[in-house]
Amino acid sequence: MRRKMRAASLLIAGSMVLAACASDETTDAGGGGGAPAAEELRVGLAYDTGGRGDRSFNDSAYTGAAAAVDALGGELQEFSPNEDASNRGEGLASLAEQGFDPVIAVGFNYDEVIAEVAPQFPDTTFAQVDGSNADGAKGENVTGLIFAEEEGSFLAGVAAALKSEAAHIGFVGGVESPLIQKFEAGYVAGAQAVDPQIRVDRQYISPAGDFSGFSDPARGQIVAQGMYDAGADIVYHAAGGSGIGVFQAAAASGNRAIGVDSDQYLTVDDPALQAVIMTSMLKRVDNAVEQFINDYAEGNVEGATDVLNDLSTEGIDLATSGGFIDDIQGEIDEYKQQITDGTITVPTTIE
Amino acid sequence: MAPADPPAHDAPVAGEAPLAVELRGITKRFPGVVANRDIELRVRRGEVHAVVGENGAGKSTLMKTLYGEHRPDEGQILVDGREVVFRSPADAIAAGIGMVHQHFMLADNFTVLENVVLGSEPTRGGRLDLAEARRRITDISDRYSLGLQPDALVEDLGVGDRQRVEIAKVLYRDARILILDEPTAVLVPQEVDELFANLAELKREGLTVVFISHKLDEVRRVADAITVIRRGTTVGTADPRTTTARQLAELMVGAELPTPETRESTVRETPVLQLVGVTVRDAGARPVVDDVTLTVREGEVVGIAGVEGNGQAELVDAVMGLRPLAAGSVLLGGQDVTAWSTRVRREAGVGFIPEDRHRQGMLLDAPLWENRILGHQTRPPAVRGPFIDRRGARADTARIMREYDVRAPGPDTLAVALSGGNQQKLIVGREMSAGPRLLVAAHPTRGVDVGAQAVIWELLKDARAEGLGIVLVSADLDELIGLSDTLHVMLRGRLVATLDPGQVTPEELGGHMTGARTAGAA
Amino acid sequence: MSGLRRVALSLFGPVLAVVVALVISAVVIALIGEDPARAFGVMTDLGDSPSQQVQSIVVILNRAVPLFLAGLAVAVAFRMGLFNIGVEGQYRLATILAAAVGAAVALPGPLHVLLIVVVAMAIGALWAGIVGVLKVTRGVSEVISSIMLNFIALGLASFLLTGPLRGSPPGASIITTSEIPESGRVPSLNGVLTALGLAEPRSALHGFLPVAVVVGVVVAVLLQRTRFGFDLRATGLSPSAATASGVDARGMVVKTMLISGAIAGLIGLPDLLGTQYDYGTEFTAGLGFLGIAVALLGRSSPLGIAMAALLFAFLDRAALPLQFADIPASVVTIIQGTIVLAVVVANEIARRLALRSAERAGATAGPGPDPGADGAPPPTAPDGGQRARAGVPGTSEDVRR
């Protein structure tokens, strides 16, 4: 009986695969290889885990790419990986295989995958958001779109330290990864530049390798609540979708929070939460992606380089929406100046 | 014997109580099988009417028809003289018919009150009206002397109490006609007495009881009228006052009956099993088997009598190695096996017919040949080295089916498809096939129809004649007295009496079992 | 005759499940304004060129291998009535430690791989064994303890990865262990594909595929053909009957968990030894949980699990072309979910039908064909059809354990 059952399931699954094979037998070969689509711009955009609709960097990348395609004409093809992101590489390669060019990968998680795929499609131009290719190790046709998050986080730290009445602030990281540690390092350095004695509570929602910390508002709220309870009055989050939880904790305890990536004062829907978002550290993935596509259209992409987006290029900035930090804008601008002219070097790692 | 024209009450005499239920020519077919054929049943109002028949004779199918669980293909159902059509049990309940199932359907972690109202909760303005329910339940309990405590948790209740909860549940739904499906199967003798007292109360209040059973003595004690079903059809009715159990049984089986009596003693000298001071404690360190010492010789059947729950099950477990001993030792053929595992004991020649074949004796969802392997996983013909010998097991299963009269399509049939009797015959055949030295048989004919019972008795007698030692635990006193060479009575974990089965009567034995008699020949 | 009927019955469950799932999915697709026929067409389109088709099949197989192993790990425990939810933690911990050991030693080729495999199996078994020991000695439900151990395993893996076993340079975005050297890697099977006259695919076909097949066969034989497997299944069907038959239930719990864990330890190896060569923060997670669905779908039989894994992998791959056809890839998730649900329901229906038909067969077997029906008792009444209904679970009367 059990054996028969097995045979049955074999038949079904087998026939599905076979049917799939058979149906293609007659179609013409030679579609592969990446035939260049000369005239029309065909942009491929491969998202990181979470895909479109994450209200974070994936969406930001889409905004940029859509703006560029709108302006230049052409087509935008998106790819969102499956839940465990095991088909990242296959998606990236498929985009290239289908002739999309340029192909833009979003997120450092593409580091290994893009290094494998890009050399297989030497005629395609690749870019990776949050991934460096200054040394060309990922292939001659890959451009890194990287950000000086530590600089913006530094300014966030400055703002927090200036605004904190308790000389006690907090930082909630989504996942304890090197990228998020960059945020933390800049934030702490900025706060300490203002007040060397300031207390900065720091906590991550999930450990390295467990990406749930970017999409777990409930835990974000618990962690932030703990900080507010301990006396912190401003908490900066670099936790993607979990950040909503941080805002909720701030609203519930009558404190304030700092957003990340986009101007969250503008993107958060809830007026109650809007009121607690003092500022946001802006990471203009949209600008970087749009700029890259424009560069590509103009034939200005070399590959094997990094495009650094920082305070000086306005790829990184501190939002002023809501006017909560207008009174300290002067001091913030001073620090900004010192960073751009090199007087202050912002650390990227925690000692 | 052709009792197609049974002794009495074939047709109700005019002027007697009107009929509460009448079934006319009920036929129910399942694909390929006629389960009920031309059933005629007349139940008078206010009587206890027993429906008897072997397992598989079609009693349950008939009761399901009456309870609306399925519709008959032919025939009529009349309740209180009016023809009714039941589309579901809800219709039957609405017509005042209630069913008390053999297997209780109670939620253990609910109180009696909650269980009774479950499914027909009284509401007042949308809220549960427990006060009203409590009043009604107390009322029902008092009226029929059910002695229910509405707030007791069902899990704390004994079997008899649970059954009364089931009865209360049916009464709560205003049933006037109660169907009781094998109500005594789960009860010990005292509880049976209590149940019968309850039934008398119901009767006095004018309720009608349809009582399904195959225990003929009980039927004769409690019923006002009896209808016998054989092979799916009614073969006659009988008056319990004028019919003997034996006549009833012959009506049921359609032939003359075998008896459990053994012919002559085959007891030899060599002991197979010796228990020395065996003590088993329960979780609370209370001794449930207390210092039991006994010997089983080759060719000897040693019967253990006792009211259920007096340590027989634990004693069986101790012999089989399923329960650790607190003290004492178990010797098999003179060798101390106290520390041996169940498997090693079985390999050493101990056969086991467990008390609950569904729980301990079979894999219901497995085919018969796999059930042939169960308990013999280390021995041919079921296995070869570390591997299962499927062909060997199938062939040997076919042999057992042949030799032990197990009725099933083949070795690949699922065990669950067999009737209780056939399952039990398979178990007996399996255990005998391994050529055991000792057989531990716990209630070997429980829930088995009369025909299979006879086969099993024959088999045990034959094996005994060939030198097998048998430990027989049973609640069937005729079986114990008939088969045993030596009879021990177990009470509260101790062997309190050793009797000569040749001398003792069931009444005397019952007295010893309840502790009323303490004399004993021990 | 009855054989044919039984085949039909056994086909009924999975076919019904797939059909129901497809219908529900089609409705959902239509509701979101897409054409179901087109969606299914896209899903079954493996590509235009031979190399694309081979590539698609390689993608399916590569995905199916770890799913198959995960399903097996869950199923072995299932068959004995144990719910090993801890497969996730078992494979993650096993993979990182195996990766670390593999990177730390230098051995000749096959030996190196063997060592990594043995370490992974040992760690998986050890981690699952804790569950078994806790259950046997302390009576802790394996569901609870394996969930708890998942958290511990994931935390431990993170700690090891970012701490003592970190092999990637400090600045790297992805934290990984050190790479396993060439000798510890399993070569791809692309050579076999080309030797078969197939087009060379873009990706490497996991060299671990044959290992998974062997593991599947071994598990199938173990479960179906050995005494041990019989004891295991018997315990799963009825613990009390197995104990009475002489099975040491406590020992079986521990042994089964060890086997389940050892198989779980293999789940990460196809990726580790075939493509990644290290364990890092982006290593595929969640396979242990997917394995539960795969085992369920495959009815805990090795061949069924293989089919279920292939079906899941096939659907997973379809997510890609669906996106390119501008159909939301969540269609795939919906189909996967409905299939699993439908299978659970359909299995139950098929089981009842099979049972009913078996009972009817038992009932009609009535007047024995047996010459052995000798003198003693006359044949009793043929089983009047009562059991044909009585044994069907769910009918109100006969509640069986």
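Note that this is a predicted model, so its numbers are computed, not measured.
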* side-chain contact (heavy atoms from CB on, under 4.5 Å) assessment of Ile388(B) paired with Arg225(C) -> CA-CA 5 Å; Ile388(B) 286 181; Arg225(C) 301 290 166 120; 5.5 Å; no
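With sequence neighbours left out, Arg323(B) forms a side chain to side chain donor-acceptor pair (under 3.5 Å) with Asp317(B). Legend: residues meeting salt bridge (charged side-chain N to carboxylate O under 4.0 Å, His left out) with Arg343(B), ordered by chain and number and at least two apart, are Asp231(C). With sequence neighbours excluded, the residues that form a side chain to side chain donor-acceptor pair (under 3.5 Å) with Ser240(C) are Ser238(C).
Listed here is the closest heavy atom pair of Ala241(C) and Gly361(B): CB-N, 4.4 Å. The two residues Gly375(B) and Ser245(C) have their closest heavy-atom pair at N-CB, 3.2 Å. Phe230(C) and Glu370(B) make their closest contact through CZ-O, 3.1 Å (heavy atoms, listed as atom of the first residue, atom of the second, distance).
For chain C, no part of Thr233(B) is nearby; none of its heavy atoms comes within less than 4.5 Å. Neither the backbone nor the side chain of Pro354(B) comes within less than 4.5 Å of any heavy atom in chain C.
Interface check for chain C: of the options Leu374(B), Val383(B), Leu322(B), the most heavy-atom pairs under 4.5 Å are formed by Leu374(B).
Formation of a donor-acceptor pair under 3.5 Å by the Arg346(B) side chain with backbone atoms of Ala244(C) is found in this model.
By the 6.0 Å contact criterion, CZ on Arg391(B) is open, its count of non-hydrogen atoms from other residues, nucleotides or ligands being 12 or less.
Interface with chain B: from residues 246-257 of chain C, residues Gly246(C), Val247(C) qualify, criterion being any non-hydrogen pair under 4.5 Å.
One finds the CZ atom of Arg233(C) at 12.5 Å from the CG atom of Asp365(B) (value rounded to the nearest 0.5 Å).
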